[in-house]
Amino acid sequence: MKTKVLDSLKNHGYILGVALKQSKLYFCIFFVTILVANAKDLALVVAPKYIFDALQFGGSFSAILLPVFVYVALYFGLHGILHGLTYGKKVLEMKLKMRLNVKLSEKFMRTDYSFLEEHTAVDMFERAKTAISGGISDLQTIGIIEEQGISGYFEQLYRLLKDIILLFGVLYVFRYMEWTTLVLVLICIALNTVFSLLQMRARNAVREKAAPAHNRRRYCNRLLRTFEYGKEFRVFGMNKLVVSKWQECTDEFLTVRDYYQKRCWFASILFFIVNNGMRFFVLVSLIFKLKDGAISVGDFTMIFAAILTFSDTAQDLLQAVLALNIFSGFMTDYRKCMQLQESEEVCGEEELAEGACEIEFKNVWYHYSGTAEDAYALRNINVVLRPGEKVSVVGFNGAGKTTFIKLLLGLYEPTKGEILINGKNRKEYSAQSLRRYMSAVFQDYKIFALSVEDNITLGESGSEQCLKESMERAGIGERIERLPKKEKSVIGGFFDEGDLLLSGGESQKIAMARSFFRKTPVIALDEPTSALDVVSEDKMYKSVMEQAKEEMILFISHRLASARFCDRILVFDSGVITEEGSHEALLARRGCYFDMWSVQAEKFMGGDADEEV
């Protein structure tokens, strides 16, 4: 319990500090709005006393009307000011939400890549986004149906601070009350506190117990509404399967929710009985006092208004505490996300010298988190990659090829060992310097709904000639030149019917051109021709080899067409480099590489590959 309280306080302190840093003006308006709102509410409690006392005890007509005019002017004036402040607060609140969302997105892009590959990472960032923007039903299921996200957090904080000030503001009225009535009011508030705590525990239980089913339900819902799964749904008729899974998760979620909601309902009934019973008792007591002349009509209205305000405010205060506790739970994810280690934090400040570089893997091991302790993806890798060298990395599925490339590109850090660039540990160089020296075409490359130019340059500056050269080198230049808008054509068809629609092979060539545009000394091509036909593949390899005079290029592919063009071949098997050498040398060894080559050659030559080789 102590840990939960401390975590909650940390969350509140963290989010208030972050928000204050982003917008000091918002906090100024926030607190002024609280003061004006309290002044308006106190006017409703106190002002009627003077109006009714003037009517009861007589006086001139002007003396009677003066309190009325003062009250009306004060009320409408404060109401107008409050309306303006609330509007300003909402506008700044929206800007604050946008800024915090941008900060979260930037953090996601800077977070260590190996962590983001874990199955829990993206879900944690999604929950963090919910903490800022709110979710469709996450908070509604636990009883909060008002503002969500950071807006909801500050709405509840506003209620909390306003209620505290208002409670102290009406305390002076209690001097008109008998001590027995005051004790009754305090006992009722204490009981209502207990009932609210019961509600809080039940609603927190909904969030914790129903979360797994709710997450699966949300995933099924996303499947039914996402375009990228459309082909599988139509070809295989998956609708019934996913809908049944969604219904199953929904039933499980509702079962848990309804169980705890019954406890909330019972606590609400007790709250209603106690609260209204107390009001009835106070009202009867005040009527008898008024009849006996112990208090005036003005005193009657002020005391009863104060009691109503006090009990309603106390109830609202408890609800605000409950809501803030729930919001604090969501803020845990945001705080944890923003405190994650960034990729650049493991880098130094030294700049790489311009020109070619030598890369050495020295006793490198790599282990994925969540796997068995001895299940290393790479084991004791020792290899030197020389400037301008063309290297083919081959092996069966799961052999460690892609892990090797991700280590090379700095997406992963070795579990053991080190990677040297020009004789120095890679960690000594700055992240910006490393990015200037390496580029890649990934197996799961992405094409964006932007222009061809933007997809290739990715925001980097460069001449038009450099852009055209990179497209020609990737074999997509002629296709783009035939388009009316040429490289300004937008890819995807998402925004305009006239947008450019590319085949899988053409998209892969755009990804290739992207890597060539940067003119980096090191290029990694992970399955670069998987979407190309055999003729296009051969042309692409020849073009790359002819123009890549000084670049170090690593080819990772199941198809071994690139291997015979390369200076050296690295054969991976079970995380170890088992063979190394040229195409001819490895064929002569008749090892793993020979077996792979023979199987592929046999498919094309239709005979005994041994004899052809």
Side-chain angles (χ1 to χ4, degrees), residues 1-24 26-27 30-31 89-90 92-108 110-111 115 120-164 196-197 199-212 214-215 218 317-342:
M1 182 67 182
K2 183 179 179 182
T3 304
K4 288 185 177 181
V5 172
L6 289 176
D7 284 342
S8 181
L9 292 174
K10 286 180 182 178
N11 290 337
H12 292 307
Y14 175 81
I15 199 62
L16 288 173
V18 169
L20 180 61
K21 185 177 180 181
Q22 293 297 318
S23 180
K24 294 180 175 61
Y26 172 76
F27 276 87
F30 181 83
F31 287 111
K89 183 168 75 75
K90 289 293 182 183
L92 292 173
E93 210 167 74
M94 184 60 67
K95 291 181 179 179
L96 175 62
K97 181 190 292 186
M98 291 172 62
R99 289 175 185 171
L100 293 180
N101 263 320
V102 169
K103 291 288 183 184
L104 182 65
S105 299
E106 290 175 343
K107 183 67 178 185
F108 183 85
R110 294 196 303 264
T111 298
F115 171 76
T120 58
V122 175
D123 189 48
M124 187 171 89
F125 271 94
E126 281 297 317
R127 294 196 306 271
K129 183 180 177 182
T130 299
I132 300 301
S133 301
I136 295 174
S137 59
D138 289 355
L139 298 180
Q140 292 174 343
T141 57
I142 50 180
I144 301 174
I145 55 175
E146 301 166 359
E147 291 281 359
Q148 299 182 22
I150 195 68
S151 298
Y153 176 85
F154 279 106
E155 182 64 29
Q156 301 305 323
L157 183 64
Y158 170 84
R159 288 172 60 189
L160 176 72
L161 298 178
K162 173 179 169 294
D163 290 344
I164 291 174
S196 293
L197 290 175
Q199 286 181 304
M200 182 171 66
R201 290 183 62 183
R203 288 172 176 172
N204 278 336
V206 171
R207 180 174 184 264
E208 294 173 4
K209 303 291 185 182
H214 184 54
N215 288 336
R218 187 168 53 184
L317 176 62
L318 293 171
Q319 293 298 320
V321 171
L322 164 64
L324 278 174
N325 179 70
I326 295 170
F327 277 113
S328 173
F330 282 91
M331 291 300 172
T332 300
D333 296 309
Y334 186 85
R335 177 167 61 90
K336 287 182 178 179
C337 284
M338 297 304 292
Q339 292 173 347
L340 289 171
Q341 177 175 281
E342 298 181 7

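Small disclaimer: the values here were computed from a predicted structure and weren't measured. Hydrogens, waters and symmetry mates play no part in the numbers below; they use all other heavy atoms, side chains included.
Lys89 meets the salt bridge (Lys or Arg N to Asp or Glu O under 4.0 Å) test with Glu93; sequence neighbours excluded.
Note: Asn101 CG to Ile132 CD1 = 6.5 Å, rounded to the nearest 0.5 Å. Between the CG atom of Asp333 and the NZ atom of Lys336 there is a distance of 7.0 Å, given to the nearest 0.5 Å. Atom NZ of Lys107 and atom SG of Cys337 lie 9.0 Å apart (nearest 0.5 Å). For the atom pair Asp163 CG and Gln156 CD, the distance stands at 10.0 Å (nearest 0.5 Å).
Counting only distance, with no hydrogens or angles, the side chain of Arg99 and the backbone of Gln22 share a donor-acceptor pair below 3.5 Å.
Here the closest non-hydrogen pair linking Glu155 and Lys90 is OE1-NZ, 3.8 Å.
Side-chain atoms of Ile150 and Met331, non-hydrogen and from C-beta on, do get closer than 4.5 Å to each other. Within the 4.5 Å cutoff, no side-chain heavy atoms of Lys95 are placed close to those of Ser23. Residues Tyr334 and Gln339 fail the side-chain proximity criterion, which asks for heavy atoms closer than 4.5 Å.
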Apply the test side chain to side chain contact (heavy atoms under 4.5 Å, CB included) to residues Leu20 and Tyr26: give CA-CA distance (whole Å), side-chain angles for both, the deciding distance (0.1 Å), then the verdict. CA-CA 8 Å; Leu20 180 61; Tyr26 172 76; over 6 Å; no
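Counting heavy-atom neighbours within 6.0 Å of Lys129 NZ, excluding the residue itself, gives a total of 12 or less.
Residues Phe154 and Phe27 place their aromatic rings such that the two centres sit under 6.0 Å apart.
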